[in-house]
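Only a predicted model underlies this, so the values are computations on that prediction, with no experimental measurement involved.
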Amino acid sequence: MALSRRTLLGLAAAVPVSAALAACGGSSGPGKGGAATYWYLNGQPQEGVRAGAVDAFNKAHPDTQIEDTTYQNDAYKTKIKTAIGAGQAPTVIWGWGGGTLRAYAEAGQVEDLTPWFDENPDVKKGLFPSSFGAATVDGKIYAMPCETVQPIILYYNKRVFDRVKVDPPETWDDIMALVPKFNAKGIAPFALGGQSRWTNMMWLEFLFDRIGGPEVFQAAIEGEKNAWSHPDAIKALTALQDLVKADGFVKGFSSITADSNADQALLYTDRAAMMLHGAWSYGIQQADGGDFVSSDSLGFMTFPAVEGGKGDLSNTVGNPAQYLSISAKASAEQKKIAKDFFATGVLQEEEVKQWIGNGSVPIRLGTEKLLAASDNAEFLQFTYDIASKAKVFVQSWDQALSPTAAETLLDNIVKLFQLSISPQQFASNLNAVTAA
C-alpha cells in the first residue's frame with residue numbers, strides 16, 4: 001500500500017482527504033468510447049507499479065485502452081461501494097476479496113471468472129495457491145489475485161532499542177515490560193495511525209490468534225452464536241486495553257491517519273520504538289525514511305507469543321493478495337479488455353521486478369532467485385517465509401467479514417482503543433452483527 005491494507009489492511013497518500021475523491025487521471029464513469037476503466041489506490045511506491053502495468057498494457061494494445069483513476073485508501077472504500085451500488089462501477093474493481101467480494105458476487109455485481117480461469121489454466125497455475133481463497137465465493141472465482149502478499153509484521157527501530165539498551169520482545173510480557181522503559185525516555189513504545197481504524201484492528205487480529213488460535217475468529221466468520229464472547233476473545237480484548245492503559249501507543253494516536261504515513265514517520269524519526277503494520281510498510285519507510293532502511297536501522301519480526309496461548313507462532317494475518325474483479329455492468333467490449341489485461345498485463349516480468357525492488361513479495365510463483373538477488377533480500381525472504389510457511393493465514397478482518405459487520409467492527413475497535421467500551425460490550429456489539 002502506500003496503502004492500505006488492507007487492511008486490512010492500508011495505504012497512504014499524502015494528499016488531504018478533501019482531494020482524495022478527485023480523480024488523479026482517467027475517467028470516473030463506466031468508461032468513454034468503449035475503453036475499460038480501472039480504479040486503484042494511490043500512494044508511492046505502489047501507485048507507480050500499478051500505473052506502470054496499465055501503461056505497458058496500453059502501449060501493447062493501442063486499440064483497446066484502460067483508463068486508470070487513483071484514490072486514497074479510506075476514500076476509495078467509500079467511493080467504490082457507492083459506485084457499485086449505483087451501477088457506476090469501473091470495469092476493473094480493485095479490492096481485497098473476502099466478505100466484500102462475497103457481497104458483490106451475491107448481488108450479481110461482479111463477473112463469475114471461473115469459466116475464464118478454466119480456459120486459461122496457466123494464469124492460475126502461476127500464482128500462489130493461497131491467494132485464491134479470498135477470491136472464491138461458494139466454489140466460484142470472482143476475482144483475479146494480483147500484486148503482493150502482505151502479512152502484518154512487527155517493525156522496530158534498532159537505533160532506539162540500542163539507545164535504551166533493551167532487546168526486541170519475544171513474548172507479550174516482554175512487550176508490556178518494554179512500554180515503561182521507552183516512555184521513561186520520551187519515546188512512544190508503539191506508533192499507531194488510529195484514526196484510520198483498520199490499523200488498530202491488526203492488534204486484535206494477532207492477539208485473538210496468539211491467545212485463542214484461529215478458531216476463535218473463524219467461529220465469528222461462520223456466524224456462531226456468541227462467538228465474540230469466547231473466553232479467549234475476552235482475554236485478547238482485555239490484553240489490548242491493558243496496553244492502551246499502560247500508554248503503549250503514541251499520545252494522540254486516535255487523531256493520526258495512516259493515509260498520511262505519519263505513523264511510519266514516527267518510527268523512522270526515532271519518536272517511536274515499534275509499529276505493527278503490513279509488509280507494504282517496508283517500501284514506504286525505504287522511500288520516505290532517508291537512510292533508515294539502508295543503514296540497517298529497521299528491524300522486523302513476527303508477532304510474539306502470548307504465554308499460555310493456543311495460536312501457532314507461524315500463524316499470520318493480513319492480505320494473502322490484492323484482487324481485481326470485473327463489473328457485471330461493463331460492456332462486452334470492456335469485459336474483454338479487462339480479461340486481456342488479466343492474462344497479459346497483470347504480474348508480468350517488469351511489474352514483478354518493480355514489486356521486488358519496492359521490498360514486496362509478488363504472488364507469482366518461481367520468483368525465489370529474483371528475491372534472493374534483491375537489495376531487500378533479507379526482508380523479502382522473511383516475508384516469503386511467513387506467507388509460505390504459515391499454518392493459517394487469516395485475512396484482514398474487515399475484508400473477511402461482510403461490509404455491514406466490518407463497519408460495526410471498525411467503529412467498535414475505535415471505542416475499544418479509546419477505552420469507551422469494555423471487552424464485554426465490544427463482544428456483545430459484534431455478536432449482534434455476525435451471528436447467523
Item to check | Derivation of the side-chain contact (heavy atoms from CB on, under 4.5 Å) call for Asn315 and Val394 | outcome: CA-CA 8 Å; Asn315 292 350; Val394 175; over 6 Å; no

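- Two residues are said to be in side-chain contact when any heavy atoms from C-beta on lie closer than 4.5 Å; Gln264 and Asp288 fail this criterion.
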Next on the checklist: Run Leu192 and Asn200 through side-chain contact (heavy atoms from CB on, under 4.5 Å) and show every step you take.
Outcome noted: CA-CA 7 Å; Leu192 181 66; Asn200 306 355; 3.5 Å; yes

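- Ser254 places no side-chain N or O within donor-acceptor distance of the main-chain N or O of Gly194, the cut-off being under 3.5 Å.
- When atom types are taken as modelled, the side chain of Tyr282 and the backbone of Asn376 share no donor-acceptor pair closer than 3.5 angstrom.
- Within 6.0 Å of NZ on Lys329 lie no more than 12 heavy atoms contributed by other residues, nucleotides or ligands.
- Side-chain contact between Ile66 and Val92: absent, with no pair of heavy atoms (C-beta onward) separated by less than 4.5 Å.
- Ring pair Phe303/Phe206 is parallel by interplanar angle, where below 30° counts as parallel and above 60° as perpendicular.
- At a cut-off of 3.5 Å, with distance as the only test, a side-chain donor of Asp312 or Ser314 sits close to an acceptor on the other residue.
- Between Phe417 and Phe249, the ring-plane angle classifies as tilted under the 30° and 60° cut-offs.
- Judged by distance alone, the side chain of Tyr323 and the main-chain N or O of Ser131 form a donor-acceptor pair under 3.5 Å.
- Of the options Arg159, Lys158, Lys185, a salt bridge (charged side-chain N to carboxylate O under 4.0 Å, His left out) to Asp270 is made by Arg159 and by none of the others.
- Asp263 and Thr199 form no side-chain donor-acceptor contact under 3.5 Å, judged by distance and modelled atom types alone.
- For Gln241 (side chain) and Leu416 (main-chain N/O), a donor-acceptor pair under 3.5 Å exists by modelled atom type.
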Item to check | Test side-chain contact (heavy atoms from CB on, under 4.5 Å) applied to Thr148 and Gln46, step by step | outcome: CA-CA 10 Å; Thr148 61; Gln46 291 79 0; over 6 Å; no

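- Evaluation of the salt bridge (Lys or Arg N to Asp or Glu O under 4.0 Å) test over residues 360-386, restricted to residues two or more places apart or in two chains, returns Asp385-Lys389.
- In this structure a side-chain-to-backbone donor-acceptor pair under 3.5 Å is missing from Gln354 to Val352.
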Next on the checklist: Could you go through Ile413 and Arg197, starting from their C-alpha distance and side-chain angles, then the distance that decides it, and tell me whether this counts as side-chain contact (heavy atoms from CB on, under 4.5 Å)?
Outcome noted: CA-CA 7 Å; Ile413 282 177; Arg197 305 188 304 174; 6.0 Å; no

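- Contact of the Asp174 side chain with the Pro304 side chain is not registered, since no non-hydrogen atoms from C-beta on lie closer than 4.5 Å.
- In plain terms, the two heavy atoms of Val216 and Ala233 that are nearest each other are CG1-CB, 4.0 Å.
- The shortest side-chain heavy-atom distance between Phe426 and Lys415 does not fall under the 4.5 Å cut-off.
- The OG atom of Ser196 sits 10.5 Å away from atom CG of Leu410, with the distance rounded to the nearest 0.5 Å.
- When Trp203, Phe208, Trp198 are each tested for a ring-ring contact (aromatic ring centres under 6.0 Å, His included) with Trp397, only one passes: Phe208.
- The aromatic ring centres of Phe161 and Phe182 sit less than 6.0 Å apart.
- Counting only heavy atoms from C-beta outward, the side chains of Leu409 and Trp228 approach each other to under 4.5 Å.
- Applying the salt bridge (Lys or Arg N to Asp or Glu O under 4.0 Å) test to pairs two or more places apart or on separate chains, none has a residue in residues 419-431.
- For the pair Thr257 and Asp74, the minimum side-chain heavy-atom distance is 4.5 Å or more.
- When each of Phe342, Phe341, Tyr71, Trp94 is tested with Tyr38 by the rule ring-ring contact (aromatic ring centres under 6.0 Å, His included), just one qualifies, namely Phe341.
- When the shell of 6.0 Å around CD of Glu349 is examined, it contains 12 or fewer heavy atoms from other residues, nucleotides or ligands.
- Judged purely by atom type and a 3.5 angstrom limit, Thr91 uses its side chain to pair as donor or acceptor with the backbone of Thr37.
- The two residues Ile211 and Ala236 have their closest heavy-atom pair at CD1-CA, 3.5 Å.
- With hydrogens and angles ignored, the 3.5 Å screen pairs a side-chain donor or acceptor of Arg50 with a backbone N or O of Leu41.
- Nearest approach of Ala272 to Val160, heavy atoms of both residues: O-CG2, 4.4 Å.
- By the neighbour-count criterion of 12 heavy atoms within 6.0 Å, atom CD of Glu170 is sparsely surrounded, having that number or fewer from other residues, nucleotides or ligands.
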Next on the checklist: Set out, in order, the CA-CA distance, both residues' side-chain angles and the distance that settles side chain to side chain donor-acceptor pair (under 3.5 Å) for Asn183 and Asp247, then state yes or no.
Outcome noted: CA-CA 8 Å; Asn183 278 326; Asp247 291 328; 5.1 Å; no

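- Considering only heavy atoms from C-beta on, Glu147 stays 4.5 Å or farther from Ile363 through its side chain.
- Note: His277 and Trp280 have perpendicular aromatic rings, judged against thresholds of 30 and 60 degrees for the angle between ring planes.
- Inspection of the Asn412 and Asn429 side chains reveals an N or O donor paired with an N or O acceptor under 3.5 Å.
- Of the possible donor and acceptor atoms, one in the side chain of Ser402 sits under 3.5 Å from a partner among the backbone N and O of Ala405.
- Here the side chains of Thr383 and Pro151 are in contact, with some heavy-atom distance below 4.5 Å.
- To the nearest 0.5 Å, the span separating CG on Leu154 from CE on Met274 amounts to 7.0 Å.
- From Glu407, atom CD reaches atom CG of Leu401 across 12.0 Å, with rounding to the nearest 0.5 Å.
- Rounded to the nearest 0.5 angstrom, Thr316 OG1 and Gln150 CD are separated by 11.5 Å.
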Next on the checklist: As a quick check of understanding, evaluate ring pair (Phe, Tyr, Trp, His ring centres under 6.0 Å) for Phe379 and Phe300, giving each step before the final call.
Outcome noted: CA-CA 8 Å; Phe379 179 77; Phe300 39 86; 5.0 Å; yes

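- Using a distance-only test at 3.5 Å, with no hydrogens or angles considered, no donor-acceptor pair links the side chain of Asn226 to the main chain of Ser229.
- Rounding to the nearest 0.5 Å gives a distance of 4.5 Å between CG of Leu371 and CD1 of Ile356.
- Interatomic distance, OH of Tyr40 versus CD1 of Ile80, reported as 13.5 Å (0.5 Å rounding).
- The shortest non-hydrogen separation linking Ile326 to Ala338 is CD1-CB, 3.6 Å.
- The backbone N or O of Leu267 sits less than 3.5 Å from a side-chain atom of Asn157, completing a donor-acceptor pair.
- The two atoms that bring Ala400 and Gln395 nearest to each other are CA-OE1, 3.6 Å, heavy atoms only.
- Partners of Ser428 by side-chain contact (heavy atoms from CB on, under 4.5 Å), not counting sequence neighbours: none found.
- Checked against the 6.0 Å centroid threshold, Phe132 and Phe117 count as a close aromatic pair.
- What you find for Leu313 and Ala305 is that their closest heavy atoms are CD2-N, 3.7 Å.
- Side chain to side chain, Asp112 and Thr114 meet the donor-acceptor criterion of an N or O pair below 3.5 Å.
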